There are 2 protein chains.
Amino acid sequence: MTKSALQVARAAYKPKMPKALHGTVKIEEGAATQSVADQEAVEKLFPHTYGMPIVKFVETTDKIDYPTANVGVILSGGQAPGGHNVIAGIFDGMKSLNKDNKVYGFLMGPGGLIDHKYQELTADIIDEYRNTGGFDIIGSGRTKLETTEQFDKGLEILKKLNIKALVIIGGDDSNTNACVLAEYYKAINAGVQVIGCPKTIDGDLKNEMIEASFGFDTACKVYSEVIGNIQRDCNSARKYWHFIKLMGRSASHIALECALQVQPNFCIISEEVEAKEQSLDDIVNEIATAVAKRAAKGDNFGTVLIPEGLIEFVPAIKALISELNDYLAHHQDEFDAIAKDQQRQYIISKLSADNSAVYASLPEGVARQLTLDRDPHGNVQVSLIETEKLLAEMVGNRLAEWKKAGKYAGKFSPQVHFFGYEGRCAGPSNYDADYCYSLGYTASALIAAGKTGYMSSVRNTTAPADQWIAGGVPVTMMMNMERRHGEMKPVIQKALVKLDGAPFKFFASNRENWAINTEYVYPGPIQYFGPTEVCDQTTITLRLEQGK
Amino acid sequence: MTKSALQVARAAYKPKMPKALHGTVKIEEGAATQSVADQEAVEKLFPHTYGMPIVKFVETTDKIDYPTANVGVILSGGQAPGGHNVIAGIFDGMKSLNKDNKVYGFLMGPGGLIDHKYQELTADIIDEYRNTGGFDIIGSGRTKLETTEQFDKGLEILKKLNIKALVIIGGDDSNTNACVLAEYYKAINAGVQVIGCPKTIDGDLKNEMIEASFGFDTACKVYSEVIGNIQRDCNSARKYWHFIKLMGRSASHIALECALQVQPNFCIISEEVEAKEQSLDDIVNEIATAVAKRAAKGDNFGTVLIPEGLIEFVPAIKALISELNDYLAHHQDEFDAIAKDQQRQYIISKLSADNSAVYASLPEGVARQLTLDRDPHGNVQVSLIETEKLLAEMVGNRLAEWKKAGKYAGKFSPQVHFFGYEGRCAGPSNYDADYCYSLGYTASALIAAGKTGYMSSVRNTTAPADQWIAGGVPVTMMMNMERRHGEMKPVIQKALVKLDGAPFKFFASNRENWAINTEYVYPGPIQYFGPTEVCDQTTITLRLEQGK
């Protein structure tokens with residue numbers, strides 16, 4: 001296998017860890033916990049794993065003998081930089097407990113557990129993947145572990161491989177399901193612990209005890225690198241407005257972090273759009289106003305960051321999509337019989353007045369997309385809507401109107417970009433390499449301590465790594481009840497951007513300046529070998545959240 | 001101005017230089033030269049700058065006093081990483097000759113010379129831009145310096161600022177024009193030397209004496225970083241085919257270099273398409289065949305690299321576009337009067353049989369684009385054609401046919417990307433930082449030696465920098481006569497990918513393996529501070545060309 005020079009050099013990196021994890025650890029237990037909301041309902045659903053204490057690991061000089069315990073590992077959902085290091089941390093942690101411990105990886109996500117597809121992860125394999133991006137060591141998948149039938153099927157192979165604990169590396173949904181599984185295995189006395197690890201580049205799995213989901217740091221740095229490069233180009237060529245969409249499902253953490261890093265001329269935060277009940281037209285006006293103000297200074301160029309989930313946060317579009325889904329579900333044949341060039345008019349005539357007006361205001365391509373591309377459940381595939389093109393086109397139209405009215409005299413040439421796959425599997429930054437390895441190592445300590453229904457937690461990560469705090473948080477503590485597919489379900493509360501949080505407030509207090517002036521920052525590529533202020537800093541979001 | 005930690009750290013980098021340039025230099029002149037072709041015609045056009053010797057700088061202990069000489073600098077054309085370092089090299093070089101020398105930058109490209117827009121570049125300004133990407137220090141532009149009227153207008157301001165030499169940093173066309181200007185100023189005894197520097201990320205300005213155009217190294221590394229990340233994602237998710245278009249005007253050097261760096265499943269080289277007279281259909285078949293072969297192994301994922309200029313190298317499309325341009329130039333009103341949904345049929349009925357068939361085979365969106373988006377001269381804007389979408393769609397259609405015919409049973413989900421602006425203004429790699437600084441410093445030595453009509457040349461750059469060879473090459477030596485806009489013009493021969501060159505041959509001998517197996521390499525981000533094998537290597541293209 002051919003390797004790049006960096007792949008070779010980076011393989012030798014030793015991730016930094018909390019001081020406590022370097023030797024033998026002992027566990028310190030805190031007080032009993034309760035869920036963030038709906039305590040009664042959550043407790044009822046998790047009688048065996050509710051109310052457990054937060055735990056913390058501290059150094060000890062005690063010598064402890066651990067019996068052998070095999071561990072299974074699952075990567076669940078979308079890729080995030082550092083997943084391989086979580087597994088390396090688990091491996092090294094389990095081997096340090098007892099050299100006979102084995103680690104098994106279930107292949108292609110939770111499905112591997114159900115279908116009994118697995119591979120033993122030996123030292124050779126682990127070494128091949130240390131400090132690398134991607135989830136290719138065992139693959140990932142989106143099968144949901146939800147039914148007792150699946151749990152029982154999984155238990156068969158866990159028993160067969162003598163696996164005492166399962167670590168599920170995933171986002172909020174996967175960790176919720178990990179806890180359901182932990183509860184079930186405890187209820188039936190299966191003898192298998194379940195530990196979760198917080199993963200997602202989206203950054204929406206975080207709370208008081210979980211500072212960050214891994215991968216967010218690296219992904220944002222990669223996006224900020226290329227956005228910074230585009231901004232330098234923008235500032236050199238002085239002739240394009242770049243509309244840049246950024247991955248990140250619903251929350252706008254990625255867009256916000258990138259904005260903090262690069263100081264663009266404009267950044268949309270979906271959570272603010274929703275809170276202010278803005279229409280697409282309001283957003284277009286705001287951007288067009290910034291374009292016009294810059295044009296008045298002779299600056300016919302700029303950058304706009306757009307969070308992927310935007311469309312669903314615009315109340316008017318949300319309402320339109322909902323009615324469209326509903327209408328077409330009952331009139332698909334009628335719609336299909338309409339001549340192509342009449343379809344738009346047909347839809348306009350059928351929708352309620354408000355939605356009809358919104359639909360009529362959309363550019364033709366997007367209007368068509370809303371009626372054509374539907375997922376297997378008959379829903380519009382919102383993620384396929386090229387919001388970056390939509391906004392660029394609508395802003396262009398608005399400026400053309402203003403030009404006619406004599407309110408604007410600039411030039412407007414847009415370029416569009418979408419970044420997502422560029423960052424999900426990047427090689428982890430030092431922060432993510434260290435954080436992930438520590439999360440994995442901590443998971444092994446939780447296993448040794450006999451815990452189940454816990455998420456691995458590493459905190460104080462804006463300090464140097466030896467001051468990081470390793471421990472575990474009961475997953476039930478992060479839960480509340482939410483309506484999902486028409487049913488109340490216990491789920492980990494998703495963390496959206498808080499409009500009263502320090503990161504958003506910092507952005508909001510600077511954006512006027514960034515909009516009109518050219519205050520671009522150029523973060524450059526992730527560095528692994530240089531000065532610590534270049535290589536070891538985590539996100540600005542986390543630093544602001546922690547008041548640093 | 002807010003700066004990232006890397007911006008601050010990188011500012012302190014001292015570019016490495018050829019050993020000869022560290023102290024006082026003396027010039028060594030070689031034998032007289034001649035142009036690569038059309039010697040008589042070129043000599044006739046450049047009586048004062050034809051046939052000059054190649055020169056080389058070597059160390060000397062002689063102490064030489066240089067009179068003061070101010071220098072003007074112009075950035076011409078598209079951005080390329082390292083432009084600021086060329087200027088820093090000129091500045092440091094001129095100051096080392098005589099501390100009273102001044103450097104002036106003409107603003108926003110060659111237009112600044114004609115319009116007398118300039119700025120003195122002081123030490124403070126230069127220091128602000130050392131080792132940074134972009135051309136924002138003085139801006140760039142695409143005005144062509146071609147007429148004696150422009151030359152005379154420029155001379156006014158050169159005289160006023162007491163400028164003895166002008167350095168034009170640009171691509172093949174800009175360097176050609178620099179030589180025309182040098183010839184003119186020499187002919188009229190204007191007392192202004194003109195020196196060129198080889199710039200372009202496209203990599204198509206190179207020959208025996210000019211190993212590389214600056215920026216190619218950095219841009220390819222940035223593209224390879226993100227393509228590598230996508231490949232890791234591709235190999236982890238195992239469900240997408242990524243079609244990735246790469247900037248690079250006509251030549252495929254960027255696509256080829258990226259292919260050498262990342263080992264994708266497929267890479268199209270335009271020069272090969274032309275040589276083999278391939279149709280779009282042939283290309284689609286080749287890609288679909290690779291997709292089908294991988295699918296047969298259970299691998300429904302992969303990567304395809306596409307050079308930006310491809311479309312113009314497909315003989316059938318070239319012919320179609322040419323007839324379309326011609327036909328619509330004479331029938332635009334007739335065409336506009338046709339109902340939108342009849343236009344495609346109209347065009348099919350009007351073109352010659354061959355072109356009509358090609359047009360009919362194109363997906364609707366592209367067919368429409370070919371008739372709608374026209375530049376001010378009435379030509380199709382080929383660069384706007386989203387080749388990556390076109391190919392993804394056509395491959396999908398072909399696979400659907402094969403599926404019906406029972407010849408293919410895989411899944412095909414494409415994702416498309418286009419990378420260009422992400423790399424043009426990236427911070428220069430160590431190679432480009434060193435190379436550019438050396439080119440600029442060498443330009444100052446050429447000025448000191450009284451040369452004009454030369455291009456700054458730094459060679460042997462696959463060796464450590466102190467072994468690099470600094471010198472100058474007469475621009476006329478690289479010229480031949482080519483037909484441009486219906487007229488024979490002296491131009492620097494553009495370097496396309498040579499199908500018998502080592503880089504292409506290496507690619508060709510490996511691509512079968514890369515197509516079917518998953519041999520991805522992950523170059524990762526450009527590193528500035530690590531081991532030399534990670535930080536200081538230049539392109540694989542150059543290493544293969546030099547047999548290293």
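What you are looking at is a predicted structure, and each value in this text was computed from that prediction instead of being measured. Chain letters run A, B, ... following the sequence lines, proteins first, then strands; residues in each count from 1.
Put simply, SG on A:Cys425 and OH on B:Tyr522 are 8.5 Å apart, with the number rounded to the nearest 0.5 Å. Distance check, rounded to the nearest 0.5 Å: CZ of A:Phe419 to CZ of B:Phe419 gives 6.5 Å. Atom CD of residue A:Gln79 and atom CG of residue B:Asp233 lie 4.5 Å apart, to the nearest 0.5 angstrom. Between B:Gln263 atom CD and A:Ser4 atom OG the span is 10.5 Å, to the nearest 0.5 Å. Between the CG atom in B:Asn229 and the OG1 atom in A:Thr218 there is a gap of 10.0 Å [rounded to 0.5 Å]. Atoms CD and CG, on B:Glu225 and A:Leu6 in that order, are 9.5 Å from each other to the nearest 0.5 Å.
Taking each heavy atom of A:Pro525 and B:Ile526 in turn, the nearest pair found is CG-O, 3.5 Å. Nearest heavy atom pair, residue B:Phe135 against residue A:Ser236, reads N-OG, 2.7 Å.
Applying the salt bridge (Lys or Arg N to Asp or Glu O under 4.0 Å) test to B:Arg232 and every residue at least two apart in sequence or in another chain returns A:Asp136. Remark: B:Arg344 pairs with no residue by the salt bridge (Lys or Arg N to Asp or Glu O under 4.0 Å) rule, at least two apart or across chains. Every residue two or more places apart in sequence or in another chain that forms a side-chain contact (heavy atoms from CB on, under 4.5 Å) with B:Met247 is listed here: B:Ile201, B:Tyr223, B:Glu308, B:Phe418, B:Tyr421, B:Arg424.
Of the atoms belonging to B:Gln527, heavy atoms from both backbone and side chain fall under 4.5 Å from chain A. If you measure heavy-atom distances from B:Asp341 to chain A, the contacts under 4.5 Å come from the side chain alone. Residue contact with chain A, scored on non-hydrogen atoms closer than 4.5 Å, is absent for B:Arg10. Looking at A:Val262, there are no atoms closer than 4.5 Å to chain B (heavy atoms on both sides), in backbone or side chain. Neither the backbone nor the side chain of B:Gln231 comes within less than 4.5 Å of any heavy atom of chain A. B:Gln261 does not touch chain A: none of its heavy atoms, backbone or side chain, sits under 4.5 Å away. Both the backbone and the side chain of B:Thr2 have a heavy atom closer than 4.5 Å to some heavy atom of chain A.
Top candidate by heavy-atom pairs under 4.5 Å with chain B, chosen from A:Met1, A:Arg238, A:Gln415, is A:Gln415. Heavy-atom pairs under 4.5 Å with chain A peak, among B:Ala9, B:Ala237, B:Gly139, B:Ser140, at B:Ala237.
The stretch residues 239-246 of chain A places A:Lys239, A:Tyr240, A:His242 near chain B, each with some heavy atom under 4.5 Å from a heavy atom of that chain.
At a threshold of 4.0 Å, the pair B:Glu533-A:Lys3 does not count as salt-bridged, since none of the basic side-chain nitrogens sits closer than that to a carboxylate oxygen.
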